[in-house]
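Structure, as structure tokens:
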Amino acid sequence: MITKCIFPVAGYGTRFLPATKSMPKEMLPVLNRPLIEYAVEESLNSNMKDICMVTGRGKRAIEDYFDMNYELEVKLKGTLKEEKLDPLRRIMNNCTFSYIRQRNIHGLGDAVLTAEPIVGKQPFGVVLADDLCVNELGVSATMCEMVKIYQQYQCSILAVMQVPDSDIHRYGIVSGKNITNSIMEINSIVEKPQAHEAPSNWAVIGRYIFTPDIFDILRNTAVGVNGEVQLTDAISHQLISQKVIAYKFNGIRFDCGSIDGFVAATNYFHQKNKQKYADNKSSYNFCETS
Ligand code: G1P
């Protein structure tokens with residue numbers, strides 16, 4: 001059973017400056033819900049209810065968001081607007097939240113290692129809130145699929161999807177051999193290679209499950225690409241001695257860390273919700289995502 005999930009949220013969000021100067025990029029809303037809420041909901045829906053945010057300076061708005069706002073509760077009580085808070089209340093009522101500071105931003109590998117005191121010696125998930133993933137089961141289903149794979153194989157699992165050659169240099173890229181149509185055993189992984197050096201075009205997207213030995217590996221991982229401790233390099237080490245599986249994500253993934261991806265996600269959910277309410281319902285509530 002995996003109960004803990006790490007959310008690295010210490011990054012500066014420079015691609016969204018100046019909007020992110022005094023506001024965490026994870027609080028940017030796609031429709032009326034901030035990116036981080038979609039990510040936490042995905043974790044809850046896969047039964048990882050212990051939420052661990054690896055945070056940094058200027059990220060207090062995230063803590064406040066998942067906490068009670070008494071004034072608002074009093075103001076909305078008994079009004080129709082109250083139901084707007086229902087999806088968030090479900091998250092708050094079912095999850096616990098821990099926050100740990102990543103004092104220096106030394107990369108994704110360093111962020112994950114920062115959470116070790118909270119996670120301890122158990123398997124755990126990692127969700128990158130920038131990557132908004134939607135498949136035929138809805139917006140919050142990817143981790144759920146990965147947990148099922150973990151239950152069968154008891155090893156680290158990464159979500160991957162094929163990307164065009166022109167995008168390869170932006171991702172961790174894996175190669176491996178197929179176990180079934182939807183999963184493969186990885187035999188190599190490299191962070192942000194040039195297209196001509198890449199082992200394939202299967203790119204890691206921001207969903208991971210790890211066995212806890214990854215922490216010891218991360219502790220001994222030297223800085224890599226961009227002068228940062230790369231999670232990819234630790235995975236590359238882990239797969240020398242054990243199985244690591246890639247789950248071929250079959251859906252749409254929006255890179256909400258970029259303006260293009262963020263706008264595409266907004267348009268997608270807006271259209272989808274409009275259609276849904278035109279089809280079945282009289283009132284229009286942005287909150288539903290599945
Ligand atoms: C990180 C990882 C990379 C992965 C990507 C997915 O890169 O280092 O391996 O493919 O997330 O979004 P970043 O986007 O932080 O540069």
Side-chain angles (χ1 to χ4, degrees), residues 5-16 20 24-26 28 30 35-36 38-39 42 53-56 102 104-115 125-134 142-143 146 156-176 184 186 188-195 197-210 214 217-218 221-239 244-249 251-262 264-265:
C5 193
I6 299 177
F7 298 78
V9 296
Y12 296 122
T14 46
R15 280 186 278 180
F16 280 90
T20 47
K25 67 170 174 170
E26 295 78 12
L28 291 170
V30 170
L35 280 171
I36 191 66
Y38 293 93
E42 180 171 337
M53 303 266 181
V54 180
T55 178
Q102 185 184 11
N104 297 302
I105 311 294
H106 284 321
L108 184 56
D110 180 61
V112 170
L113 183 57
T114 301
V126 176
V127 173
L128 307 186
D130 279 356
D131 287 342
L132 194 47
C133 299
V134 193
T142 313
M143 267 306 212
M146 292 171 68
S156 295
I157 319 281
L158 330 171
V160 295
M161 69 185 294
Q162 286 182 296
V163 296
D165 283 1
S166 54
D167 285 348
I168 280 178
H169 67 281
R170 298 170 49 206
Y171 296 97
I173 302 289
V174 304
S175 66
M184 60 175 152
I186 297 176
S188 79
I189 181 167
V190 52
E191 182 68 10
K192 300 188 171 69
Q194 292 305 310
E197 288 166 347
S200 78
N201 64 346
W202 285 101
V204 178
I205 55 174
R207 302 290 182 279
Y208 310 79
I209 289 173
F210 287 111
I214 198 77
I217 300 173
L218 278 168
T221 299
V223 294
V225 173
N226 295 337
E228 296 177 335
V229 178
Q230 297 293 347
L231 194 51
T232 296
D233 293 342
I235 298 166
S236 176
H237 192 280
Q238 193 178 42
L239 62 77
V244 176
I245 284 178
Y247 160 63
K248 297 178 183 173
F249 168 70
I252 311 172
R253 170 229 176 221
F254 297 101
D255 173 11
C256 291
S258 76
I259 290 189
D260 282 349
F262 185 82

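One-based numbering, in listed order, for ligands and for the atoms of each. In what follows, every heavy atom counts, from backbone to side chain, and hydrogens, waters and symmetry copies are set aside.
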remark   = Within 4.0 Å of some non-hydrogen atom of Gln230, the atoms of ligand 1 are 8 (O)
ask   = For atom 3 (C) of ligand 1, which candidate among Met161, Glu191, Arg170 provides the closest heavy atom?
value = Glu191
query = In terms of the angle between their ring planes, are Phe210 and Tyr208 parallel, tilted or perpendicular, with boundaries placed at 30° and 60°?
reply = parallel
note = So the atoms of ligand 1 within less than 4.0 Å of a heavy atom of Gly172 turn out to be 3 (C), 4 (C), 9 (O), 10 (O)
remark   = Quick look: Arg253 vs ligand 1, heavy-atom contacts under 4.0 Å, and the answer is side chain
key: Numbered atoms and elements of ligand 1 in range of Leu128, under 4.0 angstrom, heavy atoms   = 11 (O)
ask   = Which bit of Asp131 gets closer than 4.0 Å to ligand 1, counting heavy atoms only: side chain, backbone, both or neither?
value = side chain
message = How far is atom 1 (C) of ligand 1 from the closest protein heavy atom, and which atom is that?
response = Leu108 CD2, 4.0 Å
task = Would you mind checking which non-hydrogen protein atom is closest to atom 5 (C) of ligand 1, with the distance to 0.1 Å?
result = Val204 O, 4.0 Å
Numbered atoms and elements of ligand 1 in range of Lys192, under 4.0 angstrom, heavy atoms = 7 (O), 8 (O), 13 (P), 16 (O)
task = Please indicate, with yes or no, if any protein heavy atom is found under 4.0 Å from atom 15 (O) of ligand 1?
result = no
request  = To the nearest 0.5 angstrom, please state how far the CG atom of Asp131 sits from the CG atom of Leu128.
outcome  = 5.5 Å
query = Which atoms from ligand 1 have a heavy atom of Thr232 less than 4.0 Å away?
reply = 9 (O)
Distance, nearest 0.5 Å, that separates CD1 of Ile186 from OG of Ser200 = 9.5 Å
query = Measuring from Leu113:CG to Gln102:CD, what's the distance to the nearest 0.5 Å?
reply = 9.5 Å
key: For Asp165, salt bridge (charged side-chain N to carboxylate O under 4.0 Å, His left out) partners two or more places apart   = none
inquiry  = Within the structure provided, determine whether Asp130 and Phe254 are in side-chain contact (heavy-atom separation under 4.5 Å).
reply    = no
request  = Could you list the residues that satisfy salt bridge (charged side-chain N to carboxylate O under 4.0 Å, His left out) with Asp233, not counting sequence neighbours?
outcome  = none
ask   = Can Gln238 and Ser156 be counted as having a side-chain donor-acceptor contact under 3.5 angstrom?
value = yes
